[in-house]
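Below: the structure, in structure tokens.
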Amino acid sequence: MPSETLWEIAKAEVEKRESNGSEGDGVEIGEKSVFFIGSKNGPKDIAHFWELGGGTSLLDLISIPITSDTLRTFSIVLVLDLSKPNDLWPTMENLLQATKSHVDKVIMKLGKTDSTAASEMRQKIRSNMQKDHPDRELIDPFPIPLVIIGSKYDIFQDFDSEKRKVICKTLRFVAHYYGASLMFTSKSEALLLKIRGVINQLAFGIGKSKSICVDQNKPLFITAGLDSLSNIGSPPVPDNDLGKFHARSPMELWKKVYEKLFPPKSTDTLKDIKDPAKDPQYAESEVDEMRIQKDQELEQYKKSSSKSWKQIELDS
């Protein structure tokens with residue numbers, strides 16, 4: 001039997017809750033939203049699922065689902081393709097920076113009308129980490145709940161050991177710094193079941209896992225607040241080479257170390273595609289053929305018009 005997709009898992013969970021009619025079980029009532037970004041209805045609880053595919057090409061659309069009305073119950077799921085390590089950092093950086101910038105603006109706007117709600121949001125995000133955690137003052141939690149999912153683990157597990165080490169340690173640092181959960185997944189039924197639990201927690205506030213797996217030879221699974229900088233260790237380069245990396249912050253240092261092994265592709269291939277019609281992810285053969293034909297007709301019209309205007313100038 002083929003593995004379920006995340007959407008099928010979410011749908012099955014809602015249907016299950018409808019059939020059970022679990023009244024009086026202490027589950028918080030209300031609406032929540034989960035926003036899937038990256039490289040690709042119940043009577044009691046309603047979860048809105050949004051997806052923004054295409055990597056970084058449609059960053060401007062992030063502002064559509066995240067508003068002052070939805071922010072307090074919003075979560076972000078960043079999906080990164082582990083099989084493409086050279087695209088991983090720029091995809092992660094651009095999406096998280098754009099999302100964080102927009103969320104900060106929305107929180108600031110909310111604070112002008114409801115300062116209490118804005119303050120509670122800032123305090124709540126730090127509640128994932130225990131008050132006595134040694135890194136509590138060293139991290140900068142994302143303003144809303146964040147989960148980072150590394151997809152295509154079935155391909156990633158065949159990578160060279162040293163490459164896997166760098167990717168795992170880097171993602172652990174980024175996730176911990178932002179107070180996020182981190183997990184790897186593939187088409188494996190066991191891994192999909194773990195993802196199902198995470199989606200349940202985000203969408204319905206139930207079943208928060210306290211399990212942890214930090215073994216780079218296995219799929220990582222780390223719930224927010226359970227990792228630590230001491231366990232992650234320093235960036236994966238010889239200690240005597242660390243001084244060669246000039247960085248203004250720990251995040252920048254990890255970026256430089258990561259990109260030394262996995263340099264990002266040229267800016268030409270990573271730049272945003274402003275015209276969705278030219279974005280390969282929306283390719284439609286019949287529509288594209290018609291578009292090419294119309295473009296050719298337009299160019300021919302321009303040439304004909306140009307000749308006509310020149311003729312008129314000569315005649316005059």
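Given the structure is predicted, the values throughout are model-derived calculations rather than measurements.
- Not one N or O on the side chain of S75 forms a donor-acceptor pair closer than 3.5 Å with the backbone of V147.
- Taking the six-membered ring for Trp and thresholds of 30 and 60 degrees, W254 and F173 have nearly parallel ring planes, at less than 30 degrees apart.
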- prompt: How far apart are the C-alpha atoms of H176 and N231, what are their side-chain angles, what is the distance that settles it, and do they pass the side chain to side chain contact (heavy atoms under 4.5 Å, CB included) test?
  reply: CA-CA 11 Å; H176 184 61; N231 287 333; over 6 Å; no
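- Contact of the V174 side chain with the L182 side chain is not registered, since no non-hydrogen atoms from C-beta on lie closer than 4.5 Å.
- Atoms CD1 and CG, on I144 and D104 in that order, are 9.5 Å from each other to the nearest 0.5 Å.
- The minimum heavy-atom distance linking D81 with S151 is given by the pair CA-OG, 3.6 Å.
- No path of Ile, Leu, Val, Met, Phe, Trp and Tyr side chains, each step under 4.5 Å between heavy atoms, connects L110 with M108, placing them in separate hydrophobic clusters.
- For the residue pair K131 and R136, the shortest heavy atom distance occurs at O-CD, 3.5 Å.
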- request: Applying side chain to side chain contact (heavy atoms under 4.5 Å, CB included), run through I149 and I195 and close with a yes or a no.
  value: CA-CA 9 Å; I149 294 179; I195 296 297; 4.0 Å; yes
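- Between C213 and K218, the shortest heavy-atom contact is SG-CB, 3.8 Å.
- Here the closest heavy-atom approach between residue D87 and residue T91 is recorded as O-OG1, 2.8 Å.
- Side-chain contact between T185 and L192: present, with at least one pair of heavy atoms (C-beta onward) separated by less than 4.5 Å.
- The shortest side-chain heavy-atom distance between L78 and T99 does not fall under the 4.5 Å cut-off.
- For the atom pair CZ of F184 and CD1 of I222, the computed distance is 8.0 Å after rounding to the nearest 0.5 Å.
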field: Worked verdict on L171 versus L80 for side chain to side chain contact (heavy atoms under 4.5 Å, CB included)
entry: CA-CA 10 Å; L171 288 179; L80 300 172; 3.9 Å; yes
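- Note that CD1 of I139 and OH of Y178 are 11.5 Å apart. Values are rounded to the nearest 0.5 Å.
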- request: Test side chain to side chain contact (heavy atoms under 4.5 Å, CB included) on I155 and L82 and set out the steps.
  value: CA-CA 8 Å; I155 298 175; L82 295 174; over 6 Å; no
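- Remark: the backbone N or O of P85 is paired with a side-chain donor or acceptor of Y258 at under 3.5 angstrom.
- Within the model, atoms CZ of F74 and OG1 of T67 stand 8.0 Å from one another, a figure rounded to the nearest 0.5 Å.
- The distance from atom OG of S115 to atom CD of E120, rounded to the nearest 0.5 Å, is 9.5 Å.
- Clustering ILVMFWY residues whenever any of their side-chain heavy atoms sit less than 4.5 angstrom apart, transitively, puts Y177 in the very cluster that holds L138.
- For the residue pair S181 and A224, the shortest heavy atom distance occurs at OG-N, 2.9 Å.
- Side-chain contact between S186 and F156 is absent, with no heavy atoms from C-beta onward closer than 4.5 Å.
- Side-chain atoms of K255 and E93, non-hydrogen and from C-beta on, do get closer than 4.5 Å to each other.
- Using a 4.5 Å heavy-atom threshold, the side chains of M121 and P143 count as separate.
- Considering only heavy atoms from C-beta on, N217 comes within 4.5 Å of R164 through its side chain.
- For the pair V166 and P236, the tightest heavy-atom approach, listed with the atom from each and the gap, is CG2-CG, 3.7 Å.
- For the pair D154/K152, a side-chain contact is recorded, criterion being any heavy-atom separation below 4.5 Å from C-beta on.
- With hydrogens and angles disregarded, a donor-acceptor distance shorter than 3.5 Å links the side chain of H133 to the backbone of D227.
- To the nearest 0.5 Å, the span separating CG on N94 from CH2 on W89 amounts to 11.5 Å.
- A donor-acceptor distance shorter than 3.5 angstrom exists from the side chain of K169 to the backbone of I232, with no hydrogens or angles considered.
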